[in-house]
Enquirer: 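One structure coming up, written as C-alpha cells, with questions to follow.
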Amino acid sequence: MSGARPLGSLLVRDGTVADLPAVMTIENDSFTDPWSEQAYRDTLESDQAAMHVAVDATGTIIGHVVTYFAADEAELATIAVAASARRTGVGRGLLGHVLTTCRTRGCRQLFLEVRESNTVAQGMYVAAGFVAVGRRRAYYSTPTEDAVLMLREIAPTESPEAPTAGS
Ligand SMILES: CC(C)(COP(=O)(O)OP(=O)(O)OC[C@H]1O[C@@H](n2cnc3c(N)ncnc32)[C@H](O)[C@@H]1OP(=O)(O)O)[C@@H](O)C(=O)NCCC(=O)NCCS
C-alpha cells in the first residue's frame, strides 16, 4: 500500500475499514451491480490488493478505487466518484495515484474491464493512456453487457502523474 498523496486540493490516501460507510454510499449510487461491503473488507485484508480513497478539503470521501496486484501486472478492479464531485478531476487523480502505486510495486501493465456502454469512463481511461485490447462477452450482469478490456502499459522510467483536482 502507498501513503497519502495530495493532488492539488484533493488528497488520495489508503482506505481503511472506517471509510467503508462513505465508500458504500458512493458505490451503491454509482453502479447497478455494486460490490458488497464484504468485498471491500476482503480487499482491505489482502496484500495483493489496495483501496485508495479521495478526500476533499472538508475531509469528506468523494471517491474510491480498488487495484489488484499480481507480479508485474495489475488490475484496476473498480473506481467511482461521488455524483456531486464528478467532472472535477477526482477520477483522474485516483487513476494517477493508482499508476504511481503500480510503478512503485514494479507493475508494467495495468488492465481493466469497462462496460461497453460506459463511454464516460472509457473517455477517462483513454485520456490516461489506456487502449482497448479485447472484449469479454456478457461479462456484466444487471444488465447483461460486454466488457471492453483495456490496457495501460507502464514504463519503469515514466514520470509520475501529477493530476490535480479542479484543473
Ligand atoms: C467514471 C468516473 C469515475 C469519472 O470520474 P470523474 O471524477 O468525474 O472524472 P474526471 O473529472 O477526473 O474526468 C477525467 C476525464 O474523464 C472524461 N470524462 C469524465 N466525465 C465525463 C463526462 N461526463 N463526459 C465525457 N467525458 C468525461 C474526460 O476525458 C475527463 O477529462 P476532462 O475533464 O479533461 O475532459 C465517474 O463518472 C463515475 O464515478 N462514474 C460511475 C462509476 C463508473 O462508471 N466507474 C467506472 C467503472 S469501469
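Just so you know, ligand 1 is whichever comes first in the structure, and atom 1 is the first atom listed for that ligand.
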Enquirer: Minimum heavy-atom separation for D19 to R13, with atom names?
Expert: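 Heavy atoms of D19 and R13 come nearest at OD2-NH1, 2.8 Å.
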
Enquirer: Consider every N or O of V81 and every N or O of ligand 1, then say whether any pair is closer than 3.5 Å.
Expert: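 Checking ligand 1 against V81, an N or O pair does fall under 3.5 Å apart.
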
Enquirer: Thinking salt bridges, do D146 and R137 make one under a 4.0 Å N-O criterion?
Expert: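 Counted as a salt bridge, because a side-chain N and a carboxylate O are separated by less than 4.0 Å.
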
Enquirer: Determine whether R115 and T32 make a side-chain contact, defined as any pair of heavy atoms from C-beta on separated by less than 4.5 Å.
Expert: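 The answer is yes; the side chains approach within 4.5 Å.
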
Enquirer: Is any side-chain heavy atom of L44 closer than 4.5 Å to one of T16?
Expert: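 T16 vs L44: side chains apart.
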
Enquirer: Taking 4.0 Å as the limit for heavy-atom contacts, which would you say applies to Y140 with ligand 1: side chain only, backbone only, both, or neither?
Expert: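 Neither; no heavy atom under 4.0 Å.
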
Enquirer: Using distance alone, decide if ligand 1 has a nitrogen or oxygen within less than 3.5 Å of any nitrogen or oxygen in R92.
Expert: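 Checking ligand 1 against R92, an N or O pair does fall under 3.5 Å apart.
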
Enquirer: Would you say the side chain of I62 lies within less than 4.5 Å of the side chain of L10, judging by non-hydrogen atoms?
Expert: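 Sidechains of I62 and L10: in contact.
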
Enquirer: Could you tell me whether the side chain of L95 reaches within less than 4.5 Å of the side chain of F130, counting heavy atoms only?
Expert: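 They are in side-chain contact.
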
Enquirer: Which ligand 1 atoms, with their elements, are less than 4.0 angstrom from a heavy-atom of V90?
Expert: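 Listed by number with element: 7 (O), 12 (O).
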
Enquirer: Compute the shortest N/O to N/O distance between N118 and ligand 1 and return yes if it is under 3.5 Å, no if not.
Expert: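 Right, the criterion is met.
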
Enquirer: Numbering the atoms of ligand 1 from 1, which are under 4.0 Å from a heavy atom of G89?
Expert: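 Taking each heavy atom of G89 in turn, ligand 1 has 10 (P), 11 (O), 12 (O) under 4.0 Å.
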
Enquirer: Ignoring hydrogens, just give me the one of R87, R86, M150 whose non-hydrogen atom is nearest atom 19 (C) of ligand 1.
Expert: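 Minimum heavy-atom distance to atom 19 (C) of ligand 1 goes to R87.
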
Enquirer: Any nitrogen or oxygen of V114 lying under 3.5 Å from a nitrogen or oxygen in ligand 1? Just yes or no.
Expert: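 For ligand 1, there is no N or O atom that lies under 3.5 Å from one belonging to V114.
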
Enquirer: Under 4.0 Å from a heavy atom of F31: give me the atoms of ligand 1 that qualify, with their elements.
Expert: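 Reading through ligand 1 atom by atom, the close ones are 42 (C), 43 (C), 45 (N), 47 (C).
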
Enquirer: Is it the case that the side chains of Y139 and E113 hold a donor-acceptor pair, with the cut-off being a distance below 3.5 Å and no angle test?
Expert: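 Side chains of E113 and Y139: pair found under 3.5 Å.
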
Enquirer: Within ligand 1, which atoms have a heavy atom of G123 less than 4.0 Å away?
Expert: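 Reading through ligand 1 atom by atom, the close ones are 29 (O).
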
Enquirer: Heavy atoms, side chains only, cut-off 4.5 Å: are E153 and Q109 in contact?
Expert: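 When only atoms from C-beta onward are counted, Q109 and E153 do touch, with a gap below 4.5 Å.
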
Enquirer: Would you say ligand 1 has an N or O under 3.5 Å from any N or O of T88?
Expert: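 Checking ligand 1 against T88, an N or O pair does fall under 3.5 Å apart.
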
Enquirer: Do any nitrogen or oxygen atoms of A127 come within less than 3.5 Å of a nitrogen or oxygen of ligand 1?
Expert: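 Between A127 and ligand 1, no N or O pair is found under 3.5 Å apart.
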
Enquirer: Any N or O of A121 that comes nearer than 3.5 Å to an N or O of ligand 1?
Expert: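 No, since none of the N or O atoms of A121 sits under 3.5 Å from an N or O of ligand 1.
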
